[in-house]
Amino acid sequence: MRPLPLQGMCSGGLFFILENLITETNKVNNEQAYLNKVGICKSHKDKITWEQRKLGEVADIVGGGTPSTGVSQYWDGDIDWYAPAEIADQIYIDSSQRKITELGYNNSSAKILPPGTVLFTSRAGIGKTAILARKGCTNQGFQSIVPRKDKLDSYFIFTRTEELKHYGETVGAGSTFVEVSGKQMANMELMMPRHFAEQKDIGVFFSKIDTIITLHQRKCNEQ
């Protein structure tokens, strides 16, 4: 399950979401047990100051590339190389189906992306996301979001997946082949907390909610 949209929301509103989530999951579990498990307390209701920023002000948008498939020396190496079809409902991703060699990497426009990068599919199937758990690269079907240090939290921007998807589909709809460019993504305007620490707190908060959901789904599957 993807995180919920956050635009214009204060931390009190975030806790309201958690309370509603608890109400639903309490059909099979105890509320206090959930609160204890994720370590959330009701004192965290102070209002967070939000401001509008362009994505390109707080992150680098990086495309990908593909080595020639006709050169065998470029393939079956140890560099992770992702394609959009690999991005599904997972939050973190740490191993690609196909890998390229250093020679293949050097002979393509692929770029090594650091851990914490939010992969964002930019072509047909626009808006699928996942967070890189270890460094890797992608093909040209991505415009990945590389957060700048102390400017953007990875999990915070991951929670904005639905907004990113909607924006990408909207600005990419004008061309024959639906695709959103890196420049277009960099120009996307988002409401976000003024301070990085507040972003990080929200990221941690929703990470814990995702953990709740995962545990709940696992328990339901076991029944």
Side-chain angles (χ1 to χ4, degrees), residues 1-4 38 55 58-149 151-165 168 179-180 182 185 199-200 203-222:
M1 179 176 177
R2 289 295 186 181
L4 299 169
V38 299
L55 186 57
V58 294
D60 296 314
I61 311 301
V62 182
T66 302
S68 173
T69 56
V71 181
S72 60
Q73 294 91 338
Y74 292 172
W75 297 93
D76 300 319
D78 57 5
I79 299 174
D80 284 319
W81 177 85
Y82 293 95
E86 298 177 62
I87 312 303
D89 293 329
Q90 72 275 53
I91 295 174
Y92 291 97
I93 192 165
D94 63 5
S95 182
S96 61
Q97 294 174 8
R98 299 195 69 184
K99 300 179 189 295
I100 61 175
T101 63
E102 185 173 353
L103 183 63
Y105 173 76
N106 290 333
N107 285 276
S108 75
S109 57
K111 301 291 189 297
I112 291 293
L113 303 166
T117 296
V118 177
L119 303 186
F120 179 85
T121 60
S122 58
R123 294 185 174 179
I126 287 176
K128 294 187 291 183
T129 59
I131 302 173
L132 271 186
R134 70 174 189 176
K135 67 180 181 180
C137 60
T138 73
N139 72 9
Q140 57 271 32
F142 292 83
Q143 294 296 341
S144 297
I145 302 166
V146 183
R148 294 178 186 166
K149 185 178 180 181
K151 294 290 186 180
L152 183 67
D153 178 70
S154 296
Y155 213 97
F156 172 79
I157 194 61
F158 174 76
T159 67
R160 313 296 289 272
T161 290
E162 290 304 316
E163 293 170 74
L164 294 168
K165 175 181 172 66
E179 180 176 11
V180 58
M185 289 304 299
Q199 289 184 34
K200 197 167 185 66
V204 169
F205 187 94
F206 272 87
S207 175
K208 290 177 178 179
I209 288 180
D210 287 336
T211 298
I212 291 174
I213 294 170
T214 300
L215 292 172
H216 177 62
Q217 289 176 334
R218 186 178 302 160
K219 180 168 289 188
C220 289
N221 292 337
E222 292 172 352

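In what follows, every heavy atom counts, from backbone to side chain, and hydrogens, waters and symmetry copies are set aside. All residue numbers refer to positions in the sequence shown, counting from 1.
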Checklist entry - Rounded to the nearest 0.5 Å, how far apart are OG1 of Thr129 and CG of Leu119? => result 8.5 Å
Next on the checklist: I'd like to know if the side chain of Lys165 reaches the main chain of Lys128, judged simply by a donor and an acceptor atom lying under 3.5 Å from each other, with no hydrogens or angles considered.
Outcome noted: no
Checklist outcome for this item: Taken to the nearest 0.5 Å, the spacing of Asp80 CG from Arg98 CZ works out to 13.0 Å
Item to check | Distance (rounded to the nearest 0.5 Å) between Leu103 CG and Tyr74 OH | outcome: 5.0 Å
Checklist outcome for this item: Rounded to the nearest 0.5 angstrom, the CG-OG distance for Leu132 and Ser154 is 9.5 Å
Checklist entry - Atom CG in Leu164, atom OG1 in Thr159: separation rounded to 0.5 Å? => result 9.0 Å
Checklist entry - Where do Asp153 and Gly203 come nearest, in terms of heavy atoms and distance? => result OD2-CA, 3.8 Å
Checklist entry - What pairs of residues pass the side chain to side chain donor-acceptor pair (under 3.5 Å) test when at least one of them lies in residues 101-118, not counting sequence neighbours? => result none
Item to check | Ile100/Cys137 under side-chain contact (heavy atoms from CB on, under 4.5 Å): CA gap, chis, key distance, verdict | outcome: CA-CA 9 Å; Ile100 61 175; Cys137 60; 3.8 Å; yes
Checklist entry - For the residue pair Trp75 and Trp81, does the interplanar ring angle fall in the parallel (under 30°), tilted (30 to 60°) or perpendicular (over 60°) class? => result perpendicular
Checklist entry - Do the side chains of Ile157 and Leu55 get nearer than 4.5 Å, heavy atoms only? => result yes
Item to check | Verdict with supporting geometry, Phe205 and Tyr155, side-chain contact (heavy atoms from CB on, under 4.5 Å) | outcome: CA-CA 10 Å; Phe205 187 94; Tyr155 213 97; over 6 Å; no
Next on the checklist: With a 3.5 Å distance limit and no angle check, can you tell me whether Tyr92 reaches the backbone of Gly116 through a side-chain donor-acceptor pair?
Outcome noted: no
Next on the checklist: Given 3.5 Å as the limit, does a donor-acceptor pair link the side chain of Gln73 with the main chain of Val71, or not?
Outcome noted: no
Checklist entry - So, does Gln97 use its side chain to make a donor-acceptor pair with the main chain of Glu86 at under 3.5 Å? => result no
Checklist outcome for this item: In this structure, OG1 of Thr161 is separated from CZ of Phe120 (nearest 0.5 Å) by 8.5 Å
Checklist entry - Do Ile93 and Ile131 have side-chain heavy atoms sitting under 4.5 Å apart? => result no
Checklist entry - Is a side-chain donor or acceptor of Lys135 paired with a backbone partner of Ile112 at a separation under 3.5 angstrom? => result no
Checklist entry - What's the verdict on salt bridge (Lys or Arg N to Asp or Glu O under 4.0 Å) for Arg134 and Asp94, showing C-alpha distance, side-chain angles and the deciding distance? => result CA-CA 6 Å; Arg134 70 174 189 176; Asp94 63 5; over 6 Å; no
Checklist entry - When you look at NZ of Lys99, are more than 12 heavy atoms from neighbouring residues, nucleotides or ligands closer to it than 6.0 Å? => result yes
Checklist entry - Taking Gln143 for the side chain and Ile61 for the main chain, is one N or O donor matched with an acceptor at less than 3.5 Å? => result no
Item to check | Residues that Gln140 engages under side-chain contact (heavy atoms from CB on, under 4.5 Å), provided they are two or more places apart | outcome: Thr66, Arg123
